[in-house]
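These notes are about the structure you will find just below.
The figures here come from the full heavy-atom set of this structure, side chains too, leaving out hydrogens, waters and symmetry mates. These figures come from a predicted structure and were not determined experimentally.
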Amino acid sequence: MQLVPAQKNTYSMIKEQLIKHTLNTLKVELEGAIAATQQAHDSATHEQSKAETQYDTLGLENAYLAQGQSRRIADLSQAISLLENWKVLSFDQGDEIYLGALLTLKNINKDQDMHVFIAPAGGGIMAKLDKLNYQVITPKTPLGQSLLGLTMEECVTLNNGEQFEITAIS
């Protein structure tokens, strides 16, 4: 089944919308992480957080929290940068799957279709476009790892026993 140019254009638009939605979601998460980091930093350096005994660890706990939030900010910033600078290619039905593939997978166990977009970042983000639910996955996930290099009509079985058949690639 070959895609006609109008369909390719539609899939390109869906990919662009998914990237935009993923970027917006990541930016909101980044804003939240920045606010949480500032709050943890303020709590760690507040005069009431000074240790009065060797067992008083409130300031230290807040410092660890701020450090963890700082790492989250770095991860989110990197993910945003990756997506903003990423050039997505189009696929034909006979192509091997790699980053940028928009796939329809049939869950053989549940007889349901699942629509996924393989991106370098933003795994787990969901979006509803054209009345279909799409999930962003990355090559770091078990499903993403299993799909790379496969082609149309091949099947993949995950460790949990779920089986998926690739029914469309774009």
Side-chain angles (χ1 to χ4, degrees), residues 1-37 68-170:
M1 174 178 148
Q2 239 0 314
L3 294 175
V4 295
Q7 287 176 311
K8 281 189 178 184
N9 192 23
T10 300
Y11 292 123
S12 294
M13 290 186 334
I14 290 171
K15 289 178 184 184
E16 288 173 19
Q17 290 173 336
L18 285 169
I19 292 169
K20 184 177 180 180
H21 175 76
T22 302
L23 279 168
N24 289 339
T25 302
L26 291 174
K27 288 176 181 179
V28 168
E29 286 183 32
L30 179 61
E31 289 173 12
I34 290 170
T37 301
Q69 289 292 349
S70 293
R71 277 193 226 115
R72 179 75 177 135
I73 289 170
D75 291 345
L76 287 167
S77 297
Q78 181 181 17
I80 290 167
S81 178
L82 275 171
L83 288 172
E84 286 178 336
N85 296 300
W86 183 38
K87 301 294 181 218
V88 183
L89 301 176
S90 60
F91 289 77
D92 289 320
Q93 294 294 318
D95 290 344
E96 287 186 0
I97 296 170
Y98 56 92
L99 279 178
L102 184 64
L103 307 170
T104 301
L105 306 174
K106 181 177 183 166
N107 186 323
I108 296 169
N109 305 24
K110 298 178 183 176
D111 195 31
Q112 293 177 327
D113 284 343
M114 181 169 122
H115 307 280
V116 298
F117 179 54
I118 303 177
I125 293 175
M126 301 284 290
K128 187 169 188 163
L129 305 171
D130 292 339
K131 299 179 184 179
L132 295 175
N133 291 317
Y134 292 90
Q135 182 173 357
V136 177
I137 63 172
T138 67
K140 294 178 183 177
T141 64
L143 181 58
Q145 286 176 358
S146 299
L147 289 168
L148 294 179
L150 297 181
T151 58
M152 183 78 158
E153 297 180 354
E154 288 192 84
C155 291
V156 62
T157 302
L158 300 180
N159 288 340
N160 66 2
E162 283 194 291
Q163 295 180 313
F164 296 93
E165 179 184 0
I166 303 159
T167 58
I169 300 173
S170 52

Anything under 3.5 Å between a donor and an acceptor, one on a side chain of residues 73-81, the other on a protein residue two or more places apart or in another chain? List them.
residue	atom	partner	partner atom	Å
Ser77	OG	Ile73	O	2.9
Ser81	OG	Asn85	ND2	3.4

Can you check whether [Y]'s main-chain N or O pairs, donor with acceptor, with [X]'s side chain at less than 3.5 Å?
X	Y	value
Asn133	Met126	no
Thr167	Thr104	yes
His21	Leu129	no
Gln93	Ile169	yes
Asn109	Gln163	yes
Lys15	Gly100	yes
Asp111	Ile108	no

>> Using ring centroids (six-membered ring only for Trp), state whether Tyr11 and Phe91 fall under 6.0 Å.
In response: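 No.
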> Roughly how far, to the nearest 0.5 Å, is the CD1 atom of Ile97 from the CG atom of Leu103?
Replying inline: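 With rounding to 0.5 Å, CG (Leu103) is 4.5 Å from CD1 (Ile97).
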> Just how far is it from atom OG1 of Thr157 to atom CG of Asn159, taken to the nearest 0.5 Å?
Replying inline: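 Between atom OG1 of Thr157 and atom CG of Asn159 there are 10.0 Å.
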Among pairs that include at least one residue of [range], which meet salt bridge (Lys or Arg N to Asp or Glu O under 4.0 Å), considering only residues two or more places apart or in two chains?
range	result
residues 159-170	Lys110-Glu162
residues 78-87	Lys27-Glu84
residues 113-129	none

> Taking side chain as C-beta onward, heavy atoms only, is Trp86 less than 4.5 Å from Ile19?
Replying inline: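 SC-SC contact between Trp86 and Ile19 confirmed.
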Considering only distance and modelled atom types, tabulate donor-acceptor pairs under 3.5 Å from the side chains of residues 146-154, sequence neighbours left out.
residue	atom	partner	partner atom	Å
Ser146	OG	Pro142	O	2.8
Thr151	OG1	Glu154	OE2	2.9
Glu154	OE2	Thr151	N	2.7

> Of all heavy-atom pairs between Ala121 and Leu82, which one has the smallest distance, and what is that distance?
Replying inline: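 Heavy atoms only, the tightest pair is CB-CD1, 4.5 Å.
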> With Tyr134, which residues qualify under ring pair (Phe, Tyr, Trp, His ring centres under 6.0 Å), at least two apart?
Replying inline: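 Partners of Tyr134 under the ring pair (Phe, Tyr, Trp, His ring centres under 6.0 Å) test: His115.
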